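To start, the structure under review is shown below, and the notes come after it.
The chains referred to below are lettered A, B, ... by the order of the sequence lines, with proteins before strands, and numbering in each begins at 1. All of these numbers come straight from a predicted model, not from anything done at the bench.
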Amino acid sequence: QETLDPKAKQGGAITITYKDDVATLDPAIGYDWQNWSMIKSLFDGLMDYEPGTTTLRPELAESYEISPDGKTFTFKLRKGVKFHNGREMTADDVKYSLDRVTNPKTQSPGAGFFASINGYDDVAGGKSESLSGVTVVDPSTVKIELSRPDATFLHVMAINFSHVVPKEEVEKYGADFGKHPVGTGAYKMAEWTLGQRLVFERNADYWHKGLPYIDKITFEIGQEPIVALLRLQNGEVDVPGDGIPPAKFQEVMADPEQKARVVEGGQLQTGYVTMNTQMPPFDNVKVRQAVNMAINKDRIVKLINNRAVPANQPLPPSMPGYDKAFAGYAYDVDKAKALLGEAGHPQGFETELFVMNTDPNPRIAQAIQQDLAAIGIKAAIQSLAQANVIAAGGEKGGAPMIWSGGMAWIADFPDPSNFYGPILGCSGAVQGGWNWAWYCNKELDEKAAAADSIVDPAKAEERAKLWGEIYAKVMADAPWAPVFNEQRFTMKSPRMGGDDKLYVDPVHIPINYDYVYVNDVQ
Amino acid sequence: MTSPIAPEVSAITVPARPRAGVWRRLVRRPLALTGLVIIALTVAGAVLAPYLTGYDPNEQMFDGLTLEGAPLPPSATFWLGTDLLGRDLLTRILHGARTSLIIGIVANGAALLIGTLVGITAGYFRGFVGAALMRFTDLMMAFPALLLAICLAAVFQPSLWIVAMVIALVNWVQTARIVFTETSSLAEREFIDAERTIGAGTLRILFRHILPHLLPTIIVWGTLGISTTVLLEATLSYLGIGVQPPTASWGNIIFENQTYFQAAPWLVFFPGAAILALALAFNLVGDALRDILDPTQRGRA
Amino acid sequence: MNAATKHAAGAPAPAADRPVLDVAGLTISVRGEDGERPVVSELSFSLARGETLCIAGESGSGKSMTSLAIMALLPQPQARISAGSIRLGDTDLTALDEGRMRRIRGNRIAMIFQEPMTSLNPVLSIGRQLVEAIEAHTGVSSAESRRLAIEALTAVRIPEAESRLKQYPHELSGGMRQRVMIAMALALKPDVLIADEPTTALDVTVQGEVLELLRDLQRQHGTSVILITHDMGVVAEMADRVIIMRYGRMVEQGKVADIFERPQVDYTRDLLAAVPRMGTGGARQVPTDKAEPSQPTDVAVARDLHVRFDLTGGFFGRVNRRVHAVEGISFSIAANETLSLVGESGCGKSTTAKALAGLVPYHGELEIGGRNLKGLGREARKAVRRDVQMIFQDPYASLDPRMRVGDLVAEPLVIHDIGTPGERTERVAALFERVGLSVDQMERYPHEFSGGQRQRICIARALALRPKLIIADESVSALDVSVQARVLQLLKELQAEFGVAYLFISHDMAVVENISDRVAVMYLGQIVEMGTRDQIFSNPRHPYTRRLIEAVPVPDPQRRRARFARMEREIPSPVRKLGDAPQKLVLTDVGGGHLVAESSDR
Amino acid sequence: MIAYLTRRLIQAALILLGVSLITFALLYLLPADPVRQIAGRSATPQTVESIRQQLGLDQPFAVQYWRYLTNLVSGDLGRSYIQRSEVSELIVARLPASLLLMVGAIVCELVIGLSMGLVAAVRRGSATDQALMVGSFIGVSAPQFVVGLLLLYVFAVKLGWFPIGGYGTFSHMVLPSLTLGILGAGWYSRMMRSSMIDVLRQDYIRTARAKGLAQRAVLFGHALPNAILPVVAMIGIDIGLFMGGIVVVESVFGWPGIGQLAWQAIQRVDIPIIMGVTLVSACAIVLGNLLADIVAPFIDPRIKLR
Ligand SMILES: Nc1ncnc2c1ncn2[C@@H]1O[C@H](COP(=O)(O)OP(=O)(O)OP(=O)(O)O)[C@@H](O)[C@H]1O
Ligand SMILES: Nc1ncnc2c1ncn2[C@@H]1O[C@H](COP(=O)(O)OP(=O)(O)OP(=O)(O)O)[C@@H](O)[C@H]1O
Ligand SMILES: [Mg+2]
Ligand SMILES: [Mg+2]
Ligand code: NI
């Protein structure tokens, strides 16, 4: 257990605003970046990360053991952990939670993460209610057996979907459990006025003594980001959940007093253009490479006020496996033109570029459009609501090109594999899937499976390198044109305390609620 | 009992009709003339847009942005400034006039036409026809416009004409409602009874006698409708139906940039002013037209 | 009401010997499309306390404009006073600001307007409009002003005054609307009352009552009255002095006796000569060859005609009472014949006419030219419409205010596709001339005309199609006698030429006697007596008919009655509870087709 | 009246049925697959099918619609695909705010619009009239977002007279109502002016003045009731508009109205919410129009309910 921040004071209340409604807080279901970290504060999983980092550490598990073949994980549970309803958490709860999330009746969007557990197929197919691979050894020991070695499994035990829920409460509220979350987390739900506000209250019984610092967090919903910023400047809000609105970014950064309260950090995110590898002319790798070379990434980064860094590969820099040495495709219009000529399109061609309709994505798309026009590709922009873009991408001949911004991949967990499976692997290249490039390279799929079977933590380096190679191969085929990795800029009120990294925590967005504190309590 | 009492009328000389044409009388009014000039300028601007400025509306110029990526305020090079992508705003507004004129005038006009026809018919006919038409109007009104737009967008290729069609389909209902209420009041006036007794057909009563009384209302809705439809087009385009970027329209220039109105006010102000000017111009002409067509207002300075 | 308090509100009280109102050199001009033209020129007159000044004269000569100028209510923005002064006591009304003028209006000078339908606010109940007038100038409680309002309505003999308060103008007959207007003006007992054709729409018995009311007011309060009327009988009955106007100028003024006995100018003489007089109507020859035809073709037949209006009340607006406007009347009109319908205001005359014109739903049977009106196809209905034309009681309301009158008159021709545009214009011009309008007025709009002129436009429109039957609802009542004579002559000529039949609705017994072949007397929705003109006028059998004839004012100041007979009975009403239909009267033939109803009391 | 009401209510029910059918059909035709969104990025085809079955989305259209209707009758609007809450709960939570804002906005619109229109009609042709005309057009042409934010900036941030957005007290309501009032007043004022001009030259206005009524009594007592008819019809329209939600103003002022819910649902194709909001706003529109129709004969007794 890490030490508590000596400067931290306990008490106080903070206010955080969001524009959109908070969807369910059921850990098995919630999958927005917005409720993601709220759930993390209400519930706990067996595993977690060091605050502000991507380093795994046990949480509800006191310790764990991995069998040499990498297929059996045994978790020893922490004692004395209580749910918000006062009952002590046991191994049965862990099993119940895993059975529940994989049960199709739960309709969890994260069920697929548990596919490596023995018996998953039976549960997913409705043949069984219980995962045969999860066994309760004793009240404080859970054994999980996998059908194949899975290097990401500890990460899977850290994502929200595996967080532990109490059976009796789930049964009591049924489908409404997400509105009445009861977990073991640092905070418990005090009030939820639909469409207006949620209030989290400090869980005095929290197993991690001394945490959390703040007594009460109020999330105000339905607030325009610009107004949230005004309120922040007025001292009414502590953290604007949606960040600094693009329209105000320069204004804020121009004011030293405000700039001082902005924390910048990396994000496990990549913005990219997908090219449908099964639609001509993008079935030709030269065309895709040409597109990669045609895009002026520096200018696009400038357009979004330098809130990103240009990217040349799928993985973001803070992800293991990121290859610093990788050169990618440099911006080179002449070469791009030449490639197009080689591909048989010296005059270019007409195509479509899909984009989600919220600022700044249409702007970025227009910049890309202009870059493509320079090499003769006339891309008509289709700026649509998120759901429509996703639908088009999941259709085989639906979208030749998609700018991923706004819907882009933010990693579920900090592991290179997370950027591959559904979005670049063959499994995603299906009707309704998320592999919008429809890129399917069997060989790479096998390689990925091999990489993921390297479970031994000691071989992490090796595994990361393997993944690096996979992504380099991907880039050779160029189904994507990576454009930038977004930087996160979180702003806070002067009273907020705690390490800066808590404000750009890669898994807790916007901030790590459990560890931040306010300075103005006595 | 045959004493000549009438004013001295010599022979029946039918006077040559001294009706100055509506157009001529319109042009004689300074305000109406101003309106006409603004409309003409807008149309000319839209038609001649490619020849009026040295820029391409979609060209994102490198020197159109500051180094931090901020748009430039109006200057000698960019008369109305540049937008967030470094494009010349004046050029975009001129080109945007094409879209906006089609929406504000054609689509809005079509909506007005349908609305008036439905409203007047429903208001005049008692019984089944009227009730059925009005209930249909209610149905259309109760039906969410945005949803219709999204579905159409999903089915068709988004285009200006689709958005124009949607706007016409959606906007006629309000006009119909208002016209309905007024017509049902007018239909009870005695002069309508009088028209019936001389055998005037329904069409005649509707279009020669009721319609002129609705003119003020129609003008109000028509002119105000210009602004709202131009702005509505932006919303619909945003949802993916209608013109897609980088095609400019006044509505979507505003819509794209409205959050920046403090940082770059020109991006909202100029297209807004263009919409306002167009709507005002039509209103000036409409008002004058109404005065001209309304005999009881004669003699007004 | 204490006179002193009231005067304090407006201008200082006029000294007793000085005229109450003094108009000097008044010139009113209106701006039209073709520039300004005067409609009243250099008019000067004065009005003494308690005096009745009658203004008579040609229709369109500026009488209404003059009265509007006194009220400072000239139509805006067209008309304005371009010269002259109007003094009320010491105050020059032309120089008063709107606020001060407002305190004078209604309180010290009240006015009754010419067109009753358009002069009442259609969306306010008449009670509200009355009470408001009272409350505007007095401080009485609302209960008190309500009482005063009911009193005023009763004074003008509106039946069921109390429940009428809740009714709206369109639910009242033309005459009743006019009486509401009068009640409104009289309620505050003003110093000066301007009455613009106040009794035009009223039947003679009510006219008598109203005139009596005016006299009462004068006697009790010393009110001065300016009475604008075309009815020389009323002039003779009421006037102290008379002004005769023509073309916006005063052509003659003098004591009533002088005017009637020694008219100075030709125009006055013509006017007096044109006055229809009772008992002289025999001049019209009933064509004997037509009198006993084998079976004259009936242009219109009504059999057991009923028209009822439901009145609603209570929160849910259930029908709880019914107006039995027309209760089972039967008549027929032969070609070439004039049937006059006379009777008290509100007895259902206009309603009968509207039913015949197909404008209100009815029960019973109506036939026009042998065709039953029920269940006609479109073409047939149009054809029937061509045969029947109606002239409405309220001319202004029945003209589309946005059309030029020339177009309005030409419209029937256009609708029925008669003639080329050129021919139509000529025909319209001819019609204009025949009804005494000038051809260049074709280009004007209805609001630019005087009441009488509008009525002539309506007549011209009805004549345009040369229909078989013309329903004329009080069509000549607003015309000055000379024009009236001319129009009546025109009607007769048309009858002789084309065999037009008329259903002639009028309260003016002299005119009725002049023009009718047969007369039907209506009372409370039923016919109480019907017969040839001679039968009715020389041998009235029903007491109501007799009273009608007696009430006719005689255009001779020498034979002025001291008092009009007041009726001491209950005011009858056609409004009844549901299921309480009135008893049907039985008509008996007393010889020669002269039908008379049994009368119990009268 | 009772008969009329029953007839209209039956018609209203039919209209709602029609709206629900059309909306349902349109959403059915929409290419975005809700199951994919529920199932998430990493779901296996098996899971997807299972969810599809559970939601009954594999059934033919008629069956789905029929099920929706039967649930609807028992007040069940279904569960949001994205938020996973009862749609009725989500809507009910936001309904009071929408209603409040609607009332506030209509009051503002009427107060601002009618007085502008009245003054313009009385001062017809004057400089005041022209200024008011320009004003009303600015109101109509101005983007809601900008107006709302400006008001917020001036009155809440700079002057501190009102809270910066939020919901709860009367003072929270002022600025959003005012924003909508300013924007909508353009319509009312033009409408009012035009019908007022028409009324002011009628004979009965002359009569009212002849009675010596004060200008105010003439304008409000006589002219207004005659001129208000089209305005009433417009209120009927507005009711529907507001119940459908006014997204922009709601989000600028953090007002928890239906508009934001609807907008989010439309963006994410959350079909049950779209259906629910559509039905609620359709109800409001139908009732608003019914109300306007019922009120009309009280304003102009010549109009008959039919
Ligand atoms: N629309 C209506 N609704 C209710 N009552 C009505 C309506 N129209 C007329 N009435 C009533 O019907 C009766 C007859 O009216 P009508 O207009 O036929 O009278 P009239 O004989 O023409 O009288 P006048 O000589 O005064 O014009 C009156 O009591 C009147 O109040
Ligand atoms: N608003 C107007 N605009 C132009 N001309 C008008 C207007 N009103 C009245 N006139 C004209 O003014 C003249 C005088 O009209 P006025 O109403 O005073 O006549 P009147 O003597 O009352 O006639 P009547 O006995 O027919 O009522 C008429 O020739 C008429 O055409
Ligand atoms: Mg007159
Ligand atoms: Mg009548
Ligand atoms: Ni007195």
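Using a 4.5 Å cut-off between heavy atoms, C:V435 does not touch chain B at all. Both the backbone and the side chain of B:R196 come within contact range of chain C, judged by heavy atoms closer than 4.5 Å. Heavy-atom distances place the backbone of C:L399, and not its side chain, under 4.5 Å from chain B.
Interface summary for chain B: among C:I415, C:L488, C:I391, C:D400, the most heavy-atom pairs under 4.5 angstrom belong to C:D400. Among C:H416, C:M390, C:Q389, the residue with the largest count of heavy-atom pairs under 4.5 Å with chain B is C:Q389. Most heavy-atom pairs under 4.5 Å with chain B, from the set C:R461, C:E411, C:R444, C:K354: that is C:E411.
Taking both residues in full, the closest heavy atoms of C:V476 and C:Q484 are given as O-NE2, 3.0 Å, listed atom of the first, atom of the second, then distance. Between C:Y247 and C:E58, the shortest heavy-atom distance links the atoms CE2-OE1, 3.4 Å. Contact detail for C:P467 and C:D387: the closest heavy-atom pair is CB-O, 3.2 Å. Pairing each heavy atom of B:G123 with each of B:A187, the nearest pair is O-CB, 4.4 Å. Of all heavy-atom pairs spanning C:R424 and C:I418, the tightest one is NE-O, 3.0 Å. Closest heavy-atom contact between B:L26 and B:A288: CD1-CB, 3.7 Å.
Taking non-hydrogen atoms and a 4.5 Å limit, the residue list of residues 101-119 of chain B in contact with chain C is empty. For a heavy-atom cut-off of 4.5 Å, chain C lies close to B:H213, B:P216 in residues 213-232 of chain B.
Within 6.0 Å of CZ in B:R208 there are 12 or fewer heavy atoms belonging to other residues, nucleotides or ligands.
For residues 216-230 of chain B, no residue pair satisfies the salt bridge (charged side-chain N to carboxylate O under 4.0 Å, His left out) rule, not counting sequence neighbours.
In this model, no donor atom of one side chain and acceptor atom of the other lie less than 3.5 Å apart for B:R29 and B:T34.
Salt bridge annotation for C:R434-C:E493: present, with a cationic side-chain nitrogen under 4.0 angstrom from a carboxylate oxygen.
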Can I get a per-line list of side-chain donor-acceptor pairs under 3.5 Å for residues 168-177 of chain B, giving both atom names and the distance, sequence neighbours left out?
residue	atom	partner	partner atom	Å
B:W172	NE1	B:L169	O	2.9
B:R177	NH1	B:D138	OD1	3.0
B:R177	NH2	D:N289	O	3.4
B:R177	NH2	D:D293	OD1	2.5
B:R177	NH2	D:D293	OD2	3.1

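Cation-pi check for C:R454 over C:F449 is not met; the charged atom does not lie both under 6.0 angstrom from the ring centroid and within 45 degrees of its normal.
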